[in-house]
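Side-chain atoms are counted along with the backbone in the values below, which use heavy atoms only and exclude waters and symmetry mates. Protein chains get the first letters and strands the later ones, always in sequence-line order, with residue 1 at the start of each. Please read these numbers as outputs of a predicted model, since none were measured by experiment.
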Amino acid sequence: MAPKDKKNRLQARLPRGFADREAGDIRATEKMLAAIKRVYERYGFEPVETPFFEYTEALGKFLPDEDRPNEGVFSLQDEDGEWLSLRYDLTAPLARYVAENYERLAKPYRSYRAGWVFRNEKPGPGRFRQFLQFDADTVGAPSVAADAEICMMAADVMEALGIARGDYVIKVNNRKVLDGVMEAIGLGGEENAGRRLTVLRAIDKLDRLGIEGVRELLGEGRKDESGDFTKGAGLGDEQVAAILELLETPNLDRLVAEAAPAGELNETEAKILRDADIPPADDISNEVVFQTAALSQFTINDTFRQGFDELKEIGHLVRQAGYTLDRIQIDPSVVRGLEYYTGPVFEAALTFEVPNEKGEPVVFGSVGGGGRYDGLVGRFRGEDVPATGFSLGVSRLASALKNLGKLGADEETGPVVVTVMDKSRLADYQKITAELRQGLNKDRGPSEPPVPVEMYLGPSGMKAQLKYADRRNAPCAIIVGSDEFEAGKVQVKDLLEGKRKAAAIESHEAYKEERPGQFEIARESLVEEVAALLARQRGEA
RNA sequence: GCGAACGUAGCUCAGUUGGUUAGAGCGUCGGAUUGUGGCUCCGAAGGUCGGUGGUUCGAAUCCACCCGUUCGUACCA
């Protein structure tokens, strides 16, 4: 029995950072997943699924010099004492899967998968400890053509989700460019790994902190509003200037522009170039990308040049395939996570302002990302296996679209409700219900949504039953009492029509008398009449 | 993790310098209307005032710690 005293009563509460999903959310998400899946399959990717748990070592999450997994993952030990962890992304499990089945898979191996991932981090609005990702990856393709394809596919996905061209952008950068610059300013080598990380993290904050914030983080450090001090990378002025130049330069954008045959820029592209003060393609010299003072003091090295060439190639490929600057852009500030990316990195960002739950505008920013990770599969094999992929944050994107009203706006029609007036005749009501359920769904194909029909199962009277039907957003209710049973009739109540008519009725007596939207039909023509009513309602909507 | 603000009914919030029995609107349930959604009217349920301890004759109110939420910051492989 349930405890009567409140003291001992169990508190119903959701673990923090987790979310219940209700009908509307689930339907909306399923729609999104279907749309994304269609795009991935059009590119020839095939589905694969891996479990929620992996051995912790496969995720690479053991702390250095410790036999305990790192924070950030949910972990447990099985009875052999082996550490298992809930996956925190879909990339590491894919790498494990590919390595384990390497000989069997046709390479390049192209696969997609949607799934829940788990992060044991501080949750916040729009940040959960369990969320959905939808990934696509190509393993075994060293060419940047694979990276270019991923970018184009990401752009297609955004549009398939109903995000208009110009409302999103796929930003592309290359870790080698950043690595090359850091090398040039003397941050190369193993001993500077920590500082390189600090530099990358600083760059990653460009859109939030602005160029001055990044400058502080690259130098001595930065004090935030709460008075907390973040130690900087401690770079000298010239080094800082070189990195900032990379971030501010519009030159990388020229790569994409340049890939366009002369005179073929469309209007949007031309505007983007004008706004960024980028000269026309003719004026561009490939060789001298950084001609201003700071960076030119340092030697442009091979790492930088290689990254630069790869970006140029990607720009060329996407441009030739018809993906214009308003869809895919080079952006030198894109860093994307840490460690495992080895080359091109991508980020899918929304470019418009999204209102939050309180209606305040927020720049939503990144909803997905990816890049090349040539070393990840290799951890299991002893040789690098080239791989590149993209990961879409479905939950995050869904909440953006939801706040925007672009998702789940159309309310689902509820069930036809057969009310129960005379409880001694349950079998008759059940029969009517079954008849309607079969009859209304008989001709509906597998791609059409079914027509739900249910008998009221609660304990309440007529008034409450109709309230229930109303709340369920039922299109109509079926009412049969002893009078109707005797006469071989059925009352059908059109709840939508009734709602409309009721607005004009003032007194309750008149309301009761009129029974808006209700009509009587012969018992035999039940299915036919209800089908006709539903068809009428659909026609109006 | 660090810093700050906040925490009163399911929701949004009032609550005087510490003073009887903590209120409102919305929502929920019931009735007017025993066989009919809405409107209107009437009524009810619902609170250990986030928790624990302290100060006080007396605490929703003051203090300490804890928990939670939000914001900033760090981290986000």
Side-chain angles (χ1 to χ4, degrees), chain A residues 5-7 9 11-17 56 59-64 69-73 85 87-89 91-92 117-125 127-129 131 197-198 200-202 204-205 208-209 213 217 221-231 335-341 356-358 360 362 366 369 373 376 393 417 419-422 456 460-474 476-485 491-518:
Chain A
D5 53 325
K6 289 183 202 165
K7 262 222 161 90
R9 199 182 290 171
Q11 203 186 357
R13 58 196 189 118
L14 189 62
R16 61 182 303 205
T56 304
L59 301 178
K61 278 316 280 188
F62 276 99
L63 288 167
N70 203 341
E71 285 175 24
V73 293
S85 292
R87 62 190 181 191
Y88 57 83
D89 71 10
T91 310
V117 300
F118 303 83
R119 296 194 186 179
N120 194 1
E121 290 168 4
K122 176 181 160 185
R127 287 175 66 96
F128 296 96
R129 298 207 286 178
F131 55 96
L197 211 61
T198 310
L200 289 178
R201 284 172 186 162
D204 200 27
K205 295 185 175 69
R208 202 151 45 84
L209 301 181
L217 283 176
R222 179 176 175 273
K223 190 180 276 189
D224 66 53
E225 295 157 38
S226 68
D228 204 26
F229 185 76
T230 308
K231 199 169 179 303
V335 175
R336 283 320 294 177
L338 305 160
E339 254 71 81
Y340 67 57
Y341 290 120
N356 65 10
E357 292 77 4
K358 291 176 188 163
E360 301 156 343
V362 206
S366 168
Y373 50 98
L376 210 51
V417 173
T419 59
V420 175
M421 191 170 293
D422 181 352
Y456 178 78
S460 306
M462 214 15 71
K463 188 177 170 71
Q465 295 192 31
L466 283 162
K467 264 188 176 172
Y468 168 81
D470 199 36
R471 275 200 176 178
R472 289 294 307 276
N473 202 24
C476 67
I478 308 299
I479 302 166
V480 194
S482 49
D483 297 351
E484 285 81 5
F485 276 121
Q491 301 285 342
V492 177
K493 197 175 185 70
D494 180 342
L495 294 173
L496 305 185
E497 173 69 8
K499 186 175 284 178
R500 218 169 300 142
K501 281 189 176 162
I505 303 173
E506 306 243 327
S507 85
H508 189 74
E509 286 67 33
Y511 176 77
K512 252 190 100 171
E513 188 60 36
E514 194 162 323
R515 291 188 170 166
Q518 188 167 332

Item to complete: Respond yes when some side-chain nitrogen or oxygen of A/Lys463 is under 4.0 Å from OP1 or OP2 of B/G35, and no when none is.
Response: no
Discussion item. If I take atom NZ in residue A/Lys223 and atom P in nucleotide B/A74, what distance separates them, rounded to the nearest angstrom?
Written reply: 15 Å
Item to complete: Could you list the residues that satisfy ring pair (Phe, Tyr, Trp, His ring centres under 6.0 Å) with A/Phe118, not counting sequence neighbours?
Response: A/Phe52
Worksheet item: Rounded to whole angstrom units, what separation is found between the CG atom of A/Asp204 and the P atom of B/C76?
Response: 9 Å
Worksheet item: Pairing of RNA chain B as dot-bracket, 5' to 3': ( ) intra-strand, [ ] crossing, | other strand, . unpaired, with Watson-Crick or G-U pairs under 3.5 Å?
Response: (((((((..((((.....[...)))).(((((.......))))).....(((((..]....))))))))))))....
Worksheet item: Does A/Tyr468 have any ring pair (Phe, Tyr, Trp, His ring centres under 6.0 Å) partners at least two apart in sequence or in another chain, and if so, which?
Response: A/Tyr456
Worksheet entry | Separation between the C1' atoms of B/A74 and B/G7, rounded to whole Å | 26 Å
Worksheet entry | A/Arg16 side, atom CZ; A/Lys122 side, atom NZ - distance, nearest 0.5 Å | 8.5 Å
Worksheet item: Between A/Arg16 and B/U69, is there a side-chain N or O to OP1/OP2 distance below 4.0 Å?
Response: yes
Practice prompt. Please tell me which of A/Ile479 and A/Ser460 maps to the more 5' nucleotide of RNA chain B, matching each residue to the nucleotide holding its nearest heavy atom.
Written response: A/Ser460
Discussion item. Please give the distance between the C1' atoms of B/C11 and B/G47 as a whole number of Å.
Written reply: 14 Å
Item to complete: Can you tell me, in whole Å, how much space there is between the P of B/G25 and that of B/U21?
Response: 23 Å
Response to the item:
Taken in chain and number order and not counting sequence neighbours, the residues that satisfy side-chain contact (heavy atoms from CB on, under 4.5 Å) with A/Leu209 are A/Lys205, A/Leu217, A/Arg222
Worksheet item: Checking all strands, does A/Lys231 fall into the base, sugar-phosphate, or nothing category for heavy-atom contacts under 4.0 angstrom?
Response: nothing
Discussion item. Given 3.5 Å as the limit, does a donor-acceptor pair link the side chain of A/Arg129 with the main chain of A/Pro123, or not?
Written reply: no
Worksheet entry | With A/Asp470 via salt bridge (charged side-chain N to carboxylate O under 4.0 Å, His left out) - residues at least two apart | A/Lys499
Worksheet item: Any donor-acceptor pair under 3.5 Å joining the side chain of A/Arg201 to the base of B/C75?
Response: no
Item to complete: Among the candidates B/G35, B/C76, B/G37, find the nucleotide nearest to the side-chain atoms of A/Glu121.
Response: B/C76
Worksheet item: So, is A/Arg208 near the phosphate of B/A74, with a side-chain N or O under 4.0 Å from OP1 or OP2?
Response: yes
Worksheet entry | Integer angstrom distance from the C1' of B/C75 to that of B/U17 | 46 Å
Item to complete: Would you tell me if any nitrogen or oxygen in the side chain of A/Lys512 comes within less than 4.0 Å of OP1 or OP2 on B/C39?
Response: no
Worksheet entry | Base B/U33 to side chain A/His508, donor-acceptor N/O within 3.5 Å cut-off | yes
Worksheet, complete the sentence: Out of B/U73, B/G35, B/G37, minimum distance to the side chain of A/Lys122 belongs to B/U73
Worksheet item: Among all residues two or more places apart in sequence or in another chain, which pass the side-chain contact (heavy atoms from CB on, under 4.5 Å) test with A/Ala464?
Response: A/Ser460
Item to complete: Apply side-chain contact (heavy atoms from CB on, under 4.5 Å) to A/Asp422 and list each qualifying residue two or more places apart in sequence or on a separate chain.
Response: A/Ser424, A/Arg425, A/Tyr429
Worksheet item: Taking the side chain of A/Ala502 as heavy atoms from C-beta outward, which of B/G35, B/G38, B/G37 is closest to it?
Response: B/G38
Item to complete: Using a heavy-atom cut-off of under 4.0 Å over every strand shown, decide if A/Asp89 touches base, sugar-phosphate, or nothing.
Response: nothing
Practice prompt. Using the C1' atom on both, measure B/C29 against B/U70 and round to a whole Å.
Written response: 34 Å
Fill in: Check: B/G35 base within 3.5 Å donor-acceptor of A/Glu484 side chain
yes
Discussion item. Counting distance alone, no hydrogens or angles: does the base of B/U36 have a donor or acceptor under 3.5 Å from a partner atom on the side chain of A/Gln465?
Written reply: no
Practice prompt. Take atom CZ of A/Arg515 and atom P of B/G37, then tell me their distance rounded to the nearest Å.
Written response: 9 Å
Discussion item. Give me the distance, rounded to whole Å, that separates B/C42 from B/G27 when you measure between the P atoms they each carry.
Written reply: 15 Å
Discussion item. Between A/Gln465 and A/Val420 (side chain of the first, backbone of the second, donor and acceptor by atom type, cut-off under 3.5 Å), is there such a pair?
Written reply: yes
Response to the item:
Assert: residue with more 5' nearest nucleotide on RNA chain B, out of A/Ala504 and A/Gly481, is A/Gly481
Worksheet item: Using the C1' atom in both, what is the distance from B/C6 to B/A60, to the nearest Å?
Response: 15 Å
Fill in: Test side-chain contact (heavy atoms from CB on, under 4.5 Å) applied to A/Phe131 - qualifying residues, sequence neighbours left out
A/Val117, A/Arg119, A/Gln133, A/Ser395
Worksheet item: Among B/G1, B/G38, B/G35, which is the nearest nucleotide to the side chain of A/Ser482?
Response: B/G35
Practice prompt. Looking at every strand, decide which applies to A/Ile505 at a 4.0 Å heavy-atom threshold: base, sugar-phosphate, or nothing.
Written response: base
Each nucleotide N or O in nucleotides 26-29 of chain B that has a protein N or O under 3.5 Å away: list the pair and distance.
from  : atom 1 : to       : atom 2 : distance (Å)
B/U28 : OP1    : A/Arg471 : NH2    : 2.8

Item to complete: Answer whether the closest heavy-atom distance between the side chains of A/Ile478 and A/Val417 falls below 4.5 Å.
Response: no
Fill in: Interatomic distance where CG belongs to A/Leu14 and P belongs to B/C67 [whole Å]
19 Å
Fill in: C1' spacing across the pair B/U28 / B/U20, given as an integer number of angstrom
31 Å
Discussion item. So, under a plain 3.5 Å distance rule, would you say the side chain of A/Lys493 forms a donor-acceptor pair with the base of B/G35?
Written reply: no
Item to complete: Check the pair A/Lys512, A/Glu509 against salt bridge (charged side-chain N to carboxylate O under 4.0 Å, His left out), reporting the backbone distance first and the verdict last.
Response: CA-CA 5 Å; A/Lys512 252 190 100 171; A/Glu509 286 67 33; over 6 Å; no
